Visitor: 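Before anything else, here's the structure in question.
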Amino acid sequence: MKEYFRNIAPGIFLQELLNRPGAVGAICPSSRFLASDMARQVPLEGDGLVIELGAGTGVITQALLKHGVQPADLLIVEFSAVFVQRLRQRFPDLNIVHGNAADLCQLVPPGRKIKAIVSSLPLCSLPPTVTQAILQQWQALLQPNGLAVQFTYHLRLPKWREYLAARHERSKIVWANLPPANINIFSFNEPTPDIALP
Ligand SMILES: C[S@@+](CC[C@H](N)C(=O)[O-])C[C@H]1O[C@@H](n2cnc3c(N)ncnc32)[C@H](O)[C@@H]1O
């Protein structure tokens with residue numbers, strides 16, 4: 001139990017929530033049920049980098065590693081300096097970038113294929129221009145074969161979905177979280193071109 005609380009670091013989370021409520025966008029870290037369901041959406045076959053956006057205290061990071069994502073294939077991007085410091089202590093082997101998801105294209109190693117983006121960014125509470133900028137980065141990095149996994153507290157598809165030119169593959173509601181969360185999975189497969197008939 002002590003280990004659990006040390007890992008989710010509720011004190012640091014609360015401090016960041018009070019300092020930057022809109023950017024943290026949650027009243028506590030995700031539950032381990034939500035974290036493992038998010039991680040399970042990432043395919044392990046095939047090469048490419050997995051990017052986690054908004055890792056906070058690292059609940060989903062831990063679940064991604066447990067799921068089988070290799071440390072060398074995982075890139076973490078987190079905006080809060082306090083969370084970054086904590087994440088680097090907790091996961092010394094991971095590449096943890098202190099940066100803004102709205103600048104993602106500049107933060108990923110050039111030429112590296114991106115397999116999936118796993119995000120717990122509060123896209124509904126960030127300023128709409130920031131949310132749009134973030135989604136544009138996904139579009140640029142995930143086309144053609146990538147996957148985006150994002151949870152929200154909306155049990156229906158959130159409004160920002162209209163900014164995303166991607167196919168909504170499926171949703172999964174996780175009740176064992178405070179509050180219950182909805183995981184949405186989007187694929188960025190390019191549409192099959194029409195076959196030109198002679
Ligand atoms: C809802 S919390 C999720 C924390 C953790 N992944 C969890 O599930 O408990 C959102 C996280 O996104 C981070 N964040 C917010 N805006 C960001 C941005 N523009 N770029 C990167 N991280 C951001 C916050 O600092 C916070 O850690």
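All values derive from a computational prediction rather than experimental measurement. Any value given below was found using the heavy atoms of this structure, including those in side chains, with hydrogens, waters and symmetry copies removed. We count ligands from 1, going down the list as the structure has it; atoms in each ligand are counted the same way.
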Visitor: Polar-atom distance check: V130 versus ligand 1, any N or O pair below 3.5 Å?
Guide: no
Visitor: Please state whether the rings of F186 and H168 are parallel, tilted or perpendicular, taking 30° and 60° as the class boundaries.
Guide: tilted
Visitor: For atom 14 (N) of ligand 1, which protein heavy atom lies nearest, and how many Å away is it?
Guide: L121 CD2, 3.6 Å
Visitor: Out of V118, V24, L17, L87, whose heavy atom is nearest to atom 1 (C) of ligand 1?
Guide: V24
Visitor: Counting only nitrogen or oxygen atoms and a 3.5 angstrom limit, does T57 reach ligand 1?
Guide: no
Visitor: Check the pair T152, L123 against side chain to side chain contact (heavy atoms under 4.5 Å, CB included), reporting the backbone distance first and the verdict last.
Guide: CA-CA 8 Å; T152 69; L123 294 179; over 6 Å; no
Visitor: Within the 4.5 Å heavy-atom criterion, are L147 and I185 side-chain neighbours or not?
Guide: yes
Visitor: Give the contacting part of N100 toward ligand 1: side chain, backbone, both or neither, where contact means a heavy-atom distance below 4.0 Å.
Guide: both
Visitor: Between atom CG of L104 and atom CD1 of I134, what is the distance when rounded to the nearest 0.5 Å?
Guide: 9.0 Å
Visitor: Rounded to the nearest 0.5 Å, what's the gap from NZ on K172 to CZ on R40? Could you check?
Guide: 6.5 Å
Visitor: Counting heavy atoms only, name the option from E78, M38, E16 that's nearest to atom 26 (C) of ligand 1.
Guide: E78
Visitor: So which protein heavy atom does atom 20 (N) of ligand 1 come closest to, and at what separation?
Guide: A101 N, 2.9 Å
Visitor: For atom 24 (C) of ligand 1, what is the nearest protein heavy atom, given as residue, atom name and distance?
Guide: A23 O, 3.3 Å
Visitor: Show, in sequence, the C-alpha distance, side-chain angles and deciding distance for Q136 and Y163, and conclude whether the side chain to side chain contact (heavy atoms under 4.5 Å, CB included) test is met.
Guide: CA-CA 8 Å; Q136 277 166 9; Y163 302 128; over 6 Å; no
Visitor: Closest non-hydrogen protein atom to atom 12 (O) of ligand 1, residue and atom name please, with distance?
Guide: G54 CA, 3.3 Å
Visitor: For ligand 1, which atoms sit closer than 4.0 Å to a heavy atom of P29?
Guide: 9 (O)
Visitor: Start with the C-alpha distance between Q62 and R90, add both sets of side-chain angles, then the distance that settles side chain to side chain contact (heavy atoms under 4.5 Å, CB included), and finish with yes or no.
Guide: CA-CA 10 Å; Q62 180 67 59; R90 187 173 173 194; 3.5 Å; yes
Visitor: With atoms numbered from 1 as shown, which atoms in ligand 1 lie under 4.0 angstrom from a non-hydrogen atom of A26?
Guide: 1 (C)
Visitor: Out of all atoms in ligand 1, which are within 4.0 Å of some heavy atom of F83? Include the element for each.
Guide: 25 (O), 27 (O)
Visitor: Taking non-hydrogen atoms only, is A55 closer than 4.0 angstrom to ligand 1 via side chain, backbone, both or neither?
Guide: backbone
Visitor: Rounded at 0.5 Å granularity, tell me how far CG in L49 sits from CG in L74.
Guide: 7.5 Å
Visitor: For the atom pair CD (Q150) and CG (L121), what is the distance rounded to the nearest 0.5 Å?
Guide: 6.0 Å
Visitor: Check whether any heavy atom of G99 sits under 4.0 Å from an atom of ligand 1.
Guide: yes
Visitor: Any non-hydrogen side-chain atom of F33 less than 4.5 Å from a side-chain atom of N177?
Guide: no
Visitor: For atom 22 (N) of ligand 1, grab the closest protein heavy atom and report residue, atom and distance to one decimal in Å.
Guide: F79 N, 3.3 Å
Visitor: Looking only at protein heavy atoms, identify the closest one to atom 7 (C) of ligand 1 and say how far it is in Å.
Guide: S30 OG, 3.3 Å
Visitor: Which one of S120, A133, S31 has a non-hydrogen atom at the shortest distance from atom 6 (N) of ligand 1?
Guide: S120
Visitor: Among side-chain atoms of N184 and S171, is any donor-acceptor pair under 3.5 angstrom?
Guide: yes
